[in-house]
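See below for the structure under consideration.
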2 protein chains.
Amino acid sequence: MQMVRRVMGFIRDQSAGYLANHMARLFARELQARIKPLGLSIGTFPALLVLWEGDGLTQRELIERLDIEQPTMANTLARMERDGLVVRRKDAADGRVQRIWLTAAARALEAAATAAADEVNDRALAVLSPGERASFVDAMCRIIAALQTGVPDDAAGRSP
Amino acid sequence: MQMVRRVMGFIRDQSAGYLANHMARLFARELQARIKPLGLSIGTFPALLVLWEGDGLTQRELIERLDIEQPTMANTLARMERDGLVVRRKDAADGRVQRIWLTAAARALEAAATAAADEVNDRALAVLSPGERASFVDAMCRIIAALQTGVPDDAAGRSP
DNA sequence: ACCATTTGCATAGCCAGCAATGCAATGTTA
DNA sequence: TAACATTGCATTGCTGGCTATGCAAATGGT
């Protein structure tokens with residue numbers, strides 16, 4: 001029968017949403033510092049992870065794997081093309097789609113970049129025991145799944 | 001004796017940093033949907049939480065409490081002033097500092113806004129048991145502390 | 001065959017975060 | 001007290017996230 005509403009004020013330092021934002025910013029700062037020497041920035045990282053597994057994907061396939069909105073991905077790909085990480089080529093069969101191909105330069109960065117990400121994760125998770133790490137990652141996965149589902153068209157004032 | 005380096009590739013869906021970023025984006029999407037009807041956006045939220053506890057703070061005091069860089073806060077405060085949430089007044093004793101004061105409009109939003117944030121947190125954490133919730137929040141706090149400490153000037157190539 | 005719909009991507013414009021820099025007000029020190 | 005250092009904030013310019021919108025290519029229904 002827990003007291004959901006506290007009498008006085010919202011406790012910022014115990015709010016999951018606030019902590020999630022803060023933690024994500026710190027992860028980003030840390031990764032950015034480590035991949036900047038490689039000429040990479042954090043926004044390109046998720047796209048590269050997918051493309052290193054296999055390129056020639058369409059923009060739509062990328063955004064489905066990454067849960068990123070389409071204009072964000074279009075913008076990111078434009079920067080990646082500008083920076084010589086990918087090239088976009090028209091699909092022969094469908095005139096609408098642009099298939100994304102890694103450049104040799106991008107392929108060459110895989111080992112160093114993933115090593116940098118491993119280092120950041122290791123540094124962050126070092127404060128947890130191995131068991132805690134597993135349940136922490138599992139909890140994030142479950143929360144992500146929970147926040148992705150539902151809210152088909154609700155939750156934002158349905159009647160004027 | 002765990003294998004820290006996997007033989008083939010980086011597993012995105014088990015990377016703490018990737019999951020933290022994804023989770024934070026989902027929290028933000030959800031909160032944004034709920035506070036948009038109030039005329040608020042997520043960037044102002046942390047500042048408001050601090051100011052609702054007591055205003056008249058300087059910009060520097062705000063950024064220390066929130067771990068936000070100074071130009072980000074200056075920009076956020078400019079939007080908040082534009083939107084009638086705060087006013088900035090020069091400190092009498094020190095000609096450099098601007099003290100931040102909430103408007104009546106901003107004060108009036110506290111209950112509705114914190115209720116919205118509570119709803120988001122409750123929805124996200126509903127997939128965890130009470131015990132899991134506590135350890136999850138604790139883990140985030142510990143990781144935040146770990147990523148904040150150290151790295152005084154290191155980790156990004158110390159010699160040219 | 002035609003028109004409407006759907007699909008894939010690009011663009012515009014905003015918010016939020018950052019580093020780098022500028023500058024005025026205050027402190028400090030020789 | 002004059003020169004220097006520090007502090008507090010603003011500005012510039014970038015990345016990265018979003019919504020809203022536009023548009024061309026493909027698809028479907030009739």
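Letters A, B, ... mirror the listed sequences (proteins, then strands); counts begin at 1.
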Requested in this report: Measure the spacing between CG of B/Leu125 and CZ of B/Phe136 and express it to the nearest 0.5 Å.
Outcome: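 Between atom CG of B/Leu125 and atom CZ of B/Phe136 there are 7.0 Å.
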
Requested in this report: Select from B/Asn75 and A/Lys36 the residue whose nearest nucleotide in DNA chain C is closer to the 5' end of that strand.
Outcome: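 This one resolves to B/Asn75.
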
How long is the line joining [atom1] of [X] and [atom2] of [N], in whole Å?
X: B/Leu66; N: C/dC18; atom1: CG; atom2: P; answer: 11 Å
X: B/Leu85; N: C/dC15; atom1: CG; atom2: P; answer: 12 Å
X: A/Gln70; N: D/dA24; atom1: CD; atom2: P; answer: 16 Å
X: A/Phe27; N: C/dC18; atom1: CZ; atom2: P; answer: 16 Å
X: A/Ile100; N: C/dG8; atom1: CD1; atom2: C1'; answer: 11 Å
X: A/Leu40; N: D/dT15; atom1: CG; atom2: P; answer: 13 Å
X: A/Ile68; N: C/dC9; atom1: CD1; atom2: C1'; answer: 16 Å
X: A/Gln98; N: D/dA24; atom1: CD; atom2: P; answer: 15 Å

For [N] and [X] - does any side-chain N or O of the residue sit under 4.0 Å from the phosphate oxygens OP1/OP2?
X: A/Arg25; N: D/dT15; result: no
X: A/Arg82; N: D/dC14; result: no
X: A/Arg88; N: C/dA10; result: yes
X: B/Gln32; N: D/dG17; result: no

Selection from [options] that lies nearest to any side-chain heavy atom of [X]:
X: A/Asp94; options: C/dC15, D/dA25, D/dG8; value: D/dA25
X: B/Asn21; options: D/dT15, D/dG17, D/dT19; value: D/dG17
X: B/Arg96; options: D/dT11, D/dC9, D/dG8; value: D/dG8
X: A/Ala74; options: C/dA25, C/dT6, C/dA10; value: C/dA10

Would you find a donor on one side and an acceptor on the other, under 3.5 Å apart, between the side chain of [X] and the backbone of [Y]?
X: A/Thr114; Y: A/Glu110; result: yes
X: A/Ser15; Y: A/Ile11; result: no
X: B/Glu132; Y: B/Ser129; result: yes

Query raised in the report: Which residue, A/Thr72 or B/Arg60, contacts DNA chain D at a nucleotide closer to its 5' end, judged by nearest heavy atom?
Result: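 By nearest-heavy-atom nucleotide position, the 5'-most residue is B/Arg60.
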
Query raised in the report: 5'-most contact on DNA chain D: B/Thr58 or A/Ser41, nearest heavy atom basis?
Result: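 Final value for this comparison: B/Thr58.
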
Report task. Scan A/Arg99 against the nucleic acid and name what it touches under 4.0 Å (heavy atoms): base, sugar-phosphate only, or nothing. Result ->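 Touches nothing.
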
Query raised in the report: More than 12 foreign heavy atoms under 6.0 Å from CZ of B/Arg107: is that the case here?
Result: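 Yes, enclosed.
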
